[in-house]
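It should be emphasised that the depicted structure is a prediction, and the values quoted were computed from it without experimental measurement. Lettering follows sequence order; numbering is per chain, from 1.
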Amino acid sequence: MKQTIRTLLMGLAVLAGSTLWAETPPNVLVVGQIAEPQSLDPHAVTAVNDFRILVNIYDGLVRYQDGTLNVEPSLAESWTISDDGTQYTFDLREGVEFHDGTPFNAEAVVFNFERMLNEDHPYHDTGPFPLAFYFGQVAEVEALGEYRVRFTLSEPFAPFLSNLAYPTGLIISPSAVREHGEDVGRNPSGTGAYQFEEWEANSRVVVSRNDDYWDGAPDLEAVVFRPITDANTRVAEMLSGGIDMMVEVPPDNVATFASDDSFNIYEQAGPHLWFLILNLKEEPMNDKRVRQAVNYAINKKALVEDVLQGTATVATGPTPPAFGWAYNEDLEPYPYDPDKARELIQAAGADGAEVTFYVTEGGSGMLDPISMGTAIQADLAAVGLDVNIETYEWNTFLGRVNPGLEGKADMAEMAWMTNDPDTLPFLALRTEAWPENGGFNSGYYSNERVDELLNKARTSTDQAERARLYKEMQEIVYEDAPWAFIANWQQNAVATSNVQNFKLQPSFLLLLHDVSKQ
Amino acid sequence: MERQIWPYIGRRLVMTIPVLFGLTVIVFFIMALIPGDPATAILGSYATPENVAQLNAQLGLDKPLVQQYLTWLGNVVQGDFGRSYNQNREVIEIVGERFGATLILAGTALVLCSIFGLLVGIISAVYQYGWADKILTLIVLIGISTPAFWLGLLMIMLFAVQLRWLPASGMFAVYGGGDLPDLILHLILPASTLAFIATGVIARLTRASMLEVLRQDYIRTARAKGLNERRVIYRHAFKAALVSIVPVIGIQAGFVLGGAVYIETVFQWPGIGSMLVNAISTRDLLLVQGGVLVVAAAYVFFNLVADVVQVMLDPRVST
């Protein structure tokens, strides 16, 4: 017996001596992700978590310029847009190959979009493709030669290029789709800086350097994406050296990493807005004074500094500042002014009104919804609104909010991350976007001028003209206050000090092409 | 096997069929009752009523509920568990992958908690109200009343972050590794956390059964005959007490499988528990069905094994 125990202990000591796990391998970057990816088929997925891997395996025709949301060439070297804004003709980069060795050309581009959009395409059944509506205006995609492709839109649609730069526009190898069918999401092949190696379920996705990458081979030999769903475990792995980088650091842990020289914290404002939808159909929020009062009453600075511990900034209006060119810099956030809020509420005769407030337990981009909801409840109570919170799990919450708040609630939390200044207001502020018409305007805001501006901005291909239209829209919406504008999230990441040349992008995508590790 | 053990096992196995069938009905309709649906979960912020309806139609979720269930059942009988909506893979493939990992974790934990539970129980009973009993009882009570996920996090903070002796999470090293020592290293923290929690019940029960047996006349007789104490405790008392302990170990097997849900989430163990948590929150109905069916079948199986062992140990239990 004693002999056995001694042998066992010695075995353990040997194991403990070989501290393999305490260090990640040299020149291999290990990234702690928030969840297991659903699929690595760029047309089949919707989650930012999956996009973070995809953009390293695939390229699109265009991409976002480093550090901005402006579009620049990628697999397409150049393009022309017809005067009426309905025809986009792209000249493609020559000599690019997919990781499986097949050539990238106009036929491949046509295959990608036909598969997603044409129900009669032989590989349309390898879907579903939930974000295909990003390209809903595409009427036809034709190859005009080996390296020229033309998209014809049913109507002018200004966000088209920006949508092409979004992960839904990434180009997958047609032969991989033909070979693997609906399992192509686990056997991905793109043209990107890294090629897919293996995916071990719930354990890791490994990608390795593409030595032939058209934009220069990356430094790193490989990148390993590890899904670690529990935020505390993710932090523990970072502290114990099991991963080199983690995304979405909980606000409570940012300080821990900041005070330690062996870690670097990265922050970047993104096109995110956290807001309250107000129900304009019913009392008391049908009165503009009450809606403005809500905006004045909420101490947004305290929310972002105390609850979110500086991981967000105070929002001004419906358009996040990350959309530099379309953002109206003349507007200032509603100041925290409880006295003014109280006056407005009394003037509207809404003092003591009962308000039902939908709060979610958590969800994509929702930050810390329960604590934020409670703080908002207290702020509103202080100015004379009697707020009752109803809390729902995320999917239930969406199932109640998206069909419209009428008869159910007066306010609801919501957050959006988008890639174009068009998306959120177009889907959630127009009269035609009321829930019964299939939109997200769950609070029933309606302003003819806003409708007109948004419809116009969508069809103009002149960026300066679009900017002017969006800025006017922001002024009106700010004044009408159909929402309470609360916060713009700053996404964050932590990496060990060995990781070099890393940058977060306003697009929320995790580009690892230039990253190296000492 | 003069006691007709095989017909008994056969009867028990037949009885599991209605149990599993009833279970699938309940799970199916509970999943339908929770608000939200797979399409909303997949689409997230983009879940307009229109998009949801379209995706539901693609997923075959626009059919009446009973018809959906019968279709599912018909397919299962033919060995087709369907595809996960969310991962777009065969359910059977996912469940198969995950269940192996859970068995390794839960099996190790069960062995550990049985060994320690029995040892602690015996020591506590033999030295009833002595200091050893008091200390062990205290530790065991802490184990019973500690939330599994919290203990797991503490273990990670101590052994992975502070001491750096053991990896914080996962089943294998991320790069390289993949062999048995690597697995054992990753297994130590989650398995011992799970075992610590489950040890308590077995220990308390062993103690109670042992105390009961130790008061029996034949033990006094054995002692009176001058047998050495060790022999009295292990050969005479323990063997008799084991009869009432074995079914509890069977139940603990189920508990360990259930507890694995938390432990797997905290330690990022790629097992069926963490898969179920994720599948439920994304309303991935077929995956939930498949996973629950396998867990339930395992639970039933462990109970059966425990009952069979009990039958073989105890001549009084009738088949």
Among B/M275, B/Q162, B/R98, the residue with the most heavy-atom pairs under 4.5 Å to chain A is B/R98

Side chains of A/D230 and B/L153, heavy atoms from C-beta outward: is any pair under 4.5 Å? yes

Report yes if the side chains of A/E182 and B/R83 come closer than 4.5 Å at any heavy-atom pair, otherwise no. yes

Among A/V28, A/V45, A/V30, which residue has the highest count of heavy-atom pairs closer than 4.5 Å to chain B? A/V28

Would one find more than 12 heavy atoms of other residues, nucleotides or ligands at under 6.0 Å from atom CZ of B/F28? yes

Give me the atom names and distance for the closest heavy-atom approach of A/S240 to B/A160. CB-O, 3.2 Å

Just by distance, do the side chain of B/Q268 and the backbone of A/S203 share a donor-acceptor pair under 3.5 Å? no

Report, as yes or no, whether the 6.0 Å neighbourhood of atom OH on B/Y234 holds more than 12 heavy atoms from other residues, nucleotides or ligands. no

Counting C-beta onward and ignoring hydrogens, is there a side-chain heavy-atom pair between B/R283 and A/T396 closer than 4.5 Å? yes

Side chain, backbone, both or neither: which part of A/D125 has a non-hydrogen atom closer than 4.5 Å to chain B? neither

Is it the case that atom CZ in B/F116 sees more than 12 heavy atoms from other parts of the structure closer than 6.0 Å? no

Region of B/S274 that comes under 4.5 Å of a non-hydrogen atom in chain A: side chain

Please check if atom CD in A/E119 has more than 12 non-hydrogen atoms from other residues, nucleotides or ligands closer than 6.0 Å. no

Looking at CE of B/M171 and CD of A/E200, how far apart are the two atoms once the value is rounded to the nearest 0.5 Å? 8.5 Å

Please report the closest heavy-atom contact between A/A236 and B/V161, naming both atoms and the distance. O-CG2, 3.5 Å

Quick one: of B/E90, B/M157, B/R89, who has the most non-hydrogen atom pairs under 4.5 Å with chain A? B/R89

Using a cut-off of under 4.5 Å on heavy-atom pairs, state which of A/E36, A/E393, A/E436, A/M238 scores highest against chain B. A/E393

Identify which part of A/R234 has an atom lying under 4.5 Å from any heavy atom of chain B, answering side chain, backbone, both or neither. neither

In terms of heavy-atom contacts, A/R226 and B/S169 come closest through NH2-OG, 2.9 Å

